[in-house]
Every structure is written in structure tokens, then in C-alpha cells.
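Inspection log for the structure reproduced underneath, given as C-alpha cells.
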Amino acid sequence: MNQDYIKPDNWSIIEEGFDVERVKSSESLFSIGNGAMGQRANFEEKYSGETFQGSYIAGIYYPDKTKVGWWKNGYPKYFAKVLNAPNWIGINVEINEEAFDLNSCTEVKNFRRELNMKEGWYNRSFEATLKNGTEIAVNVRRFLSLNLDEVGIIKYEITPLNKDAKILYKPYLDAGVTNEDANWEEKFWEPLEVKKATNEAYVTAQTYKTHFKVTTFMHNSIFANNENINISPSTIDSSTDKVEYTYGVIIAKGQTSSIQKIGGYTVSLNHTNTLAAAEKAIKEALSKGYDQLLQEQIEAWAKVWEMSDITIDGDVKAQQGIRFNIFQLNQTYSGKDNRLNIGPKGFTGEKYGGSTYWDTEAYCIPFYMATKDQQVARNLLTYRYNQLDKAIENAKDNLGFKDGAALYPMVTMNGEECHNEWEITHEEIHRNGAIAFAIFNYNRYTGDYSYIPEKGLEVLIGIARFWHQRASFSTDKNQYVILGVTGPNEYENNINNNFYTNYIAKWCIDYAEEQIIKVATEYPSDHKRIIEKVNLTATEIQEWKKVANNMYFPFSKELDVYLQQDGFLDKDLVPVKDLDRSQRPINQKWSWDRVLRSPYIKQADVLQCFYFFEEHFTKEELLRNFEFYESFTVHESSLSPCVHSIQAAALDKMDMAYTFYLRTSRLDLDDYNKEVEEGCHITSMAGTWMSIVEGFGGMRVKNDTLHFSPKIPKEWTGYSFKINFRNQILKVSINHNETTFSVDGDTDLAIVVNGQTVVATKYAIA
């Protein structure tokens, strides 16, 4: 770990003491969201110290030209930026004619932040002494409504401690924002209109190029000792992209004044008239009031936790870690809108760009399938189906493929490729396999086959066509090979025959053929429609199968392991344990040339294949490959520890499994990779859930039946989780003496535990 200031707590993320060196880290960790919008935990008032300002709206992006020294044929036209949205949270404050700024106060004490994950709110409190000698106590609470997902609310309270105070509250809206990661120092928002009314204001702006229109709004109420004093602003300052109101109040020593600010966004994705929608949103929020909105927030989060919570007994840090991960996942994606997806930073930062990576299919779908209604996971699959035409266009225009071959983008907002690194964009093609695997995984888990004849089979055909055309025949090996790729281990570029890529390519072709046959037999009208639409022939399928049946897989007879790629054994195979700690993380200490020549592995690669296709290999094969490749893995990807934790648990390496679990669950809280100030690793957080449910719980789905092989780390006294399996809610509780299973409702559920079939009832079985 690289930081250890977050206080252990079962339900909250807590920071105590004000330290300017960790402001940006905390802005990430205390971020809030509601699926439609979110924001970093920036201070509402002016802050002159180092800060990373960020508010974000789901689905809003900008196609920024990549700043590189040359352009290559087939290079993506743009890099999609997750846009810093107009700022609605701002409340500048003056106290006795001095601007309040924590960075310039003579003393700050009793500083405390809390992100209450159980109830879904963020709170900041402290006492401060200004340069003019005024001492104040401040308490600020903020939340983004789950029920009214266009609305957030702030309650900002100030109590003068040593003298009476004249306080000026200056709430504002500002569309003149820029991105932290802007290449060209340009603005992405074009101001359109500022509208002012009594105690409320609206700034409408649209993005350049993409023309997303957003109305940012606010309504302000001023209170003294919890009584609304119904005052209007004394001054109103505005420009083309900003509006600020000033409210003055005199408050006696020991008394409390406050401002309640309702704010948020209405967007053209959802409304033809964003201004009218904003006016309606304010009216609805005001009709409820702060207390009711907060109570509804608490109740909404209680419903989320009722299904998705994982309890851990005897290990507060482990408990805090898993709840932090589950909380952020639920803040980022609600499943309501199949136009949206799960960005790698969610609403916590701007790094990477784009909203969709293969992380969604490989890591996130299992979490959403098991903790939500299956429609949520189906929406994620539908997202990819809706972008199939763009995937076909990507393969055709950028790679010269034909006949409906589809390469899904490595990074996308709207189906177009928008990543800015060649070795990722056109070499890390294994993401196609993850998308096909997600269709298989969804059917395996939910039992809902209808998606495949309705939508999924077209995706599988496009992907199979891609793999058929991407492979080439080696006369030397007398087999098909796949050259010039980057596997999941991004510390190797432009290598040949990545084992995982070759394996999943073969599997995709085999699986597509199986589904074509099944749909032809069971859904003949769908089969006829699809085959005619994509112009597929039996001869073409036979050509696919030549590739699949004769795919080359690199293997070392001497080591009895699959090789990550043809040249892996040519490297200087120094294990990680012999690498000087001062050289870690290598991606921050070494040149990229040195990284690429090293044997060090960023994340599971060969082992990713063993994770996806566990039943294709023996336990002995897993053990040999795990022990070989883990010794060279530096785990400098957020996606790495979870897969290793699951496989360590399967191999009864429980100490290692627990260590990996802590690393994945507290990756951001403890800042393992020294980068949390850039935002949290949202998509890998689903892997933390998998580490417990699939790792320690040993949950698998085989032959339409849930299987479990429960284990428990010695550091815990017990743990429990719930899963929604085919519309039956199963609760699993595990301690060192027994495992119990119970179901909601009166319908029993047959499951397999350690190889034995048992029946779970609402009264529980052990």
C-alpha cells in the first residue's frame, strides 16, 4: 500500500485531519454518483491549493483529436474525452469581509470527511480560523438523489465560534470549465443561455462537435438556526457562461446559518427542452424538501444494499473494502438506460476516456447479473448489439476486413473506436472474445436464451468472421496463427500467438457454430432472418472451422505450461520476488522499451484463459501455470489481483487468495498503484465482488445448477452474500464451522456443494 489514512469502518469511508498533500486523493475516494451524474469530492467553497475539479454526466463526451507526432492508416479519428461538466456545486463564502479558503486559514482542526455508503451521502466538517481572526465551525452534507437522478442537494452550515459574523454565501453555476487532461487547452462547452429567476438560475450550454445540450441549474435557500429566512440575493453577477448570486446574513456567535442548494443537470439525451426539464426538476425537489429527499435517499440505498451487500465478520478493513467497491459500482451504473455503460473511472476522474472497455463484459456483468434483475445485464449486452454496425465498420475501414467481420472497439462512447494508442486499438483484439464470452456467460447464468436468437447470434457471427480473417496459416507450423497482437498483458506489444488470444479466438468460432445450429433447430424463423441478413453460408462456416480446429497454441514441453507468446522464454526470466522494490511500479520507473523486453506481467493473461475456461483444464494444469506466471506478475493493473485471488482460492492457497483479495478491495483506498488522485478503478471493483463470491465462495454454474466449494480466510470469522439466480434469491452464509444456504420465498433451489446435491429452502440448509 502507499497510503493508510482512511479510518477502518464497516459502513463509511472516513478521513480525519486536514492534509493538503492528500486533497486530490480524497477527492477521488469520496466521489459520489447516482448512475446519471457524479462528481469528485471537491470543496464547494474556493480552494487555492492543488485540486482536481471534476463533475461528470453519463453519456456526455467530446471527440478530441489525439495529440501524437504522426498518423497511421486506420488510426482512430479521435480520442473520446469524458467531459468535465459545468460546475453546479460551487458556493463561495465570505466571512467578515474575508474570502473563506481552507488553504489560507491560519488553523484547521477537527477536519473530518465521511462517505456514508449505507445511506448514500458525503459529509465534511471542521473548525477553521481565518486570517481576520474569525473562528468558525462548518458542516457540509451533499448527496445525489437516486430517485430524482437529475438532482443533487447541498446543505452548507456555518457557525461562528468566537464572534458574530457577517456571512456572504455566493452560490454559482459555471460552464466555463476545462478538462484536467485537455490536450489543446481548449474549452469543450459552448454557452447558449443564462436564465435568472428569484433564488434560482440556469446555464444552458452544449458541447462543441457532438452538440450535447445541458442545462445546469440551481435553487438556493438561506436558513438561520434551521428556519428559512426567505431572502432574495442582494446581487446577481452573470456572464455568457456563469451566474453567481450573493446572499448576506448576520449570525450571532454560537448560532448557525446555512444555505441549501439544489442543483444538477438536464440533458438533451433525455429531453427536447432541457430548460423546461430543469425547471420541473427544481419544482419536484422543492416539493419534497431537504429532509424528505435525504430520507428517500436512505431508503433507496437500503434497497440497493438489501441485495448487493456482502458482510464480513472479524475484519473491518476487508469489510470496508468490499462495501466501497459495491457502493461505487452502484453509483456508476444503475442499469436503467441501455445507452450507457460502465466507464473505467466512473464519475471519479477523466483518465482513459471512453465509457466502455472489455472490463464490462469480463468483470462487471457477473456482478450485475447476480445482484440486479437480469434485465440490467441484458441491457449491457444490448449496448453491444446496438453498436454492431460500428464494429463491422471498424474492421472494414480500419483493418480492411470484409463480409461483415466485426472488431469491437477497445474504447468507445458510441460504437466508434476512440482509443489513442495503436498497440491497444488494433492489437488488443482479445476484447472481441470477452464480448462473445459475456453472451455465453449471461445465458449460462440466467437461463435466458432468448437474447441469442433475438440479438446475440448476429454479434457472434460478426466476431467469428473477424477471427477467421485475422488468423493466418503458417506453413512452418502447419497450423493457424495470430500475429502482431497485444494480449491482456499490456507489457508486451506486437507479439505473436498470445495464448489467451488464440484460445478465445478458437472458442468464439466454436461457440458461434454451436449457436447457429441451436437457433436453426429451435428458432427457425430467427435463423432464417439472421442468415439472410448477414448472408452466411455453410461453406463459410466450414472455413471458420478449419481455423478453429487447427489453431496453434504455444506450449513449453520442458516447463509443461502454455506460453504467453512465442518468445516468452527468450526473456531474462527474473521473478518479481528478486526485483528491487525501489523499481516498482515499473510502469512509473522504467522506460517503455525496458518494460516491453522484461518478463513482467501487468495482469492475468494465460491465467485469464484459465479463469474464463476453467472447465477446459485440469486442476494440475492450473497449478503449474499459476505458479509459473504469478511469479512474474507485478499486478500493476487493477484487473489483476481479483483473477489471481479466485484462482489461488481454487488451488487452496488461501493466504495468497486473501492477500490478493485485500489488494483488489483496497486498491484505491490504500492507493496500491500510486494513482488514486486520478480517479478510482471502477470496473475492476466488480472483480472484488467476484473474489469473494467466486473465489472464497467457489460459486460456479454448471449444467444449469449452482455449484459451491466454500472456503474462508483464517482472518475472518464469517461472511455472507446474496445472489439472484434465475429469479430466486439465495443467501449464502459461511463460517469456520458450517455453510448455510437459504432462499427467499417458498420455492426450493437444488444446488451442489462440494460435489453433493442439496436443496436450499427458506428455512436454510447447512
Side-chain angles (χ1 to χ4, degrees), residues 32-39 41 44-45 55 87-91 93 114-125 137-159 167 169-173 195-203 215-233 243 245-249 251 255-266 271 274-304 331 334:
I32 55 176
N34 63 5
M37 62 176 173
Q39 58 207 195
E44 290 82 0
E45 75 277 359
S55 295
N87 181 353
W88 71 264
I89 70 167
I91 307 174
V93 178
E114 177 181 359
L115 180 63
N116 187 302
M117 300 179 290
K118 185 175 185 179
E119 299 183 350
W121 48 259
Y122 162 59
N123 204 91
R124 179 170 58 105
S125 60
V138 176
N139 190 80
V140 190
R141 181 162 297 187
R142 187 197 316 173
F143 61 92
L144 301 180
S145 173
L146 286 187
N147 293 345
L148 305 180
D149 63 10
E150 296 171 326
V151 171
I153 190 164
I154 299 166
K155 185 176 184 179
Y156 194 115
E157 299 176 302
I158 300 176
T159 304
I167 300 174
Y169 293 104
K170 296 185 175 184
Y172 64 88
L173 305 174
K195 180 180 177 180
K196 294 158 282 189
T198 304
N199 293 325
E200 60 191 53
Y202 308 84
V203 174
T215 295
T216 308
F217 58 86
M218 70 174 176
H219 181 282
N220 310 297
S221 302
I222 307 299
F223 291 77
N225 297 317
N226 294 317
E227 293 289 332
N228 190 333
I229 57 177
N230 296 310
I231 62 172
S232 299
V243 58
Y245 289 0
T246 298
Y247 298 87
V249 60
I251 196 78
Q255 302 294 301
T256 299
S257 74
S258 65
I259 179 173
Q260 290 183 14
K261 182 178 184 181
I262 295 169
Y265 308 105
T266 50
H271 304 285
T274 58
L275 178 58
E279 292 171 334
K280 181 180 178 182
I282 287 177
K283 184 176 180 181
E284 188 168 3
L286 285 173
S287 71
K288 294 176 178 293
Y290 176 86
D291 291 337
Q292 183 179 340
L293 286 169
L294 179 58
Q295 184 58 39
E296 289 181 358
Q297 181 80 343
I298 294 169
E299 292 169 0
W301 272 103
K303 290 180 180 178
V304 171
Q331 287 198 125
S334 66

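- Ser257 and Tyr169 share a donor-acceptor pair across their side chains, judged by distance under 3.5 Å alone.
- A 4.5 Å side-chain heavy-atom check between Trp88 and Gln39 finds at least one atom pair inside the cut-off.
- A donor-acceptor contact closer than 3.5 angstrom is absent between the side chains of Thr266 and Thr274.
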Using the rule given for side chain to side chain donor-acceptor pair (under 3.5 Å), can you reason through Asn199 versus Tyr245, listing the C-alpha separation, both sets of side-chain angles and the distance that settles it, and then say yes or no?
CA-CA 8 Å; Asn199 293 325; Tyr245 289 0; over 6 Å; no
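- Contact between Gln331 and Gly33 at its shortest, heavy atoms only, is OE1-N, 2.9 Å.
- You'll find the side chain of Ser125 stays beyond 4.5 Å of the side chain of Val140, heavy atoms only.
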I would like to know whether Met117 and Trp301 meet side-chain contact (heavy atoms from CB on, under 4.5 Å); could you show each step before the answer?
CA-CA 8 Å; Met117 300 179 290; Trp301 272 103; over 6 Å; no
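- Here the closest heavy-atom approach between residue Ala285 and residue Val151 is recorded as CB-CG1, 4.0 Å.
- Looking at Asn225 and Gln255, their side chains do bring a donor and an acceptor atom within 3.5 Å of each other.
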Test salt bridge (charged side-chain N to carboxylate O under 4.0 Å, His left out) applied to Arg141 and Glu114, step by step:
CA-CA 9 Å; Arg141 181 162 297 187; Glu114 177 181 359; 6.0 Å; no
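- Classification of the Phe143-Tyr290 ring pair by plane angle, with boundaries at 30° and 60°, yields tilted.
- Remark: the Asn123 side chain and the Asn139 side chain contain an N/O donor-acceptor pair separated by less than 3.5 Å.
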Salt bridge (charged side-chain N to carboxylate O under 4.0 Å, His left out) between Lys195 and Glu279, worked out
CA-CA 11 Å; Lys195 180 180 177 180; Glu279 292 171 334; 2.6 Å; yes
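- Residues Leu144 and Gly152 share a closest heavy-atom pair of CD2-CA, 3.7 Å.
- In this structure, CG on Leu293 lies 6.5 Å from CD1 on Ile262, to the nearest 0.5 angstrom.
- Taking every heavy atom of both residues into account, Tyr247 and Ser232 meet most closely at CE2-C, 3.7 Å.
- Looking only at distances, a side-chain donor or acceptor of Asn34 sits under 3.5 Å from a matching main-chain atom of Met37.
- Nearest approach of Phe217 to Tyr265, heavy atoms of both residues: CE2-N, 3.4 Å.
- When side chains are defined from C-beta on, Ile89 counts as touching Ile154, because their heavy atoms get closer than 4.5 Å.
- At a threshold of 4.5 Å between non-hydrogen side-chain atoms, the residues Leu115 and Ile32 count as touching.
- Remark: Asn147 CG to Gln292 CD distance equals 10.0 Å, nearest 0.5 Å.
- Interatomic distance, CG of Asn220 versus CD1 of Ile91, reported as 7.5 Å (0.5 Å rounding).
- We find the CD1-OH distance between Ile167 and Tyr156 to be 9.5 Å, quoted to the nearest 0.5 Å.
- Closest approach of Leu173 to Thr216, counting heavy atoms only: CD1-O, 3.3 Å.
- In the displayed structure, Lys288 atom NZ is contacted under 6.0 Å by more than 12 heavy atoms of other residues, nucleotides or ligands.
- The closest donor-acceptor contact from the side chain of Gln297 to the backbone of Glu119 lies at 3.5 Å or more, if one exists at all.
- No side-chain heavy atom of Thr246 sits less than 4.5 Å from a side-chain heavy atom of Pro233.
- One distance of note links CD of Glu157 with CD of Gln260; it measures 8.5 Å at 0.5 Å rounding.
- Ion pairing of Glu200 with Lys283 is absent here, as no side-chain N (NZ or NE/NH1/NH2) approaches a carboxylate O to less than 4.0 Å.
- Once rounded to the nearest 0.5 Å, the distance linking CZ of Phe223 with OG1 of Thr256 reads 13.0 Å.
- Judged by the 6.0 Å and 45° rule, Lys261 forms a cation-pi pair with Tyr172.
- Between Glu44 and the options Arg124, Lys170, Lys155, a salt bridge (Lys or Arg N to Asp or Glu O under 4.0 Å) holds for only Arg124.
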How far apart are the C-alpha atoms of His271 and Glu150, what are their side-chain angles, what is the distance that settles it, and do they pass the side-chain contact (heavy atoms from CB on, under 4.5 Å) test?
CA-CA 12 Å; His271 304 285; Glu150 296 171 326; 2.6 Å; yes
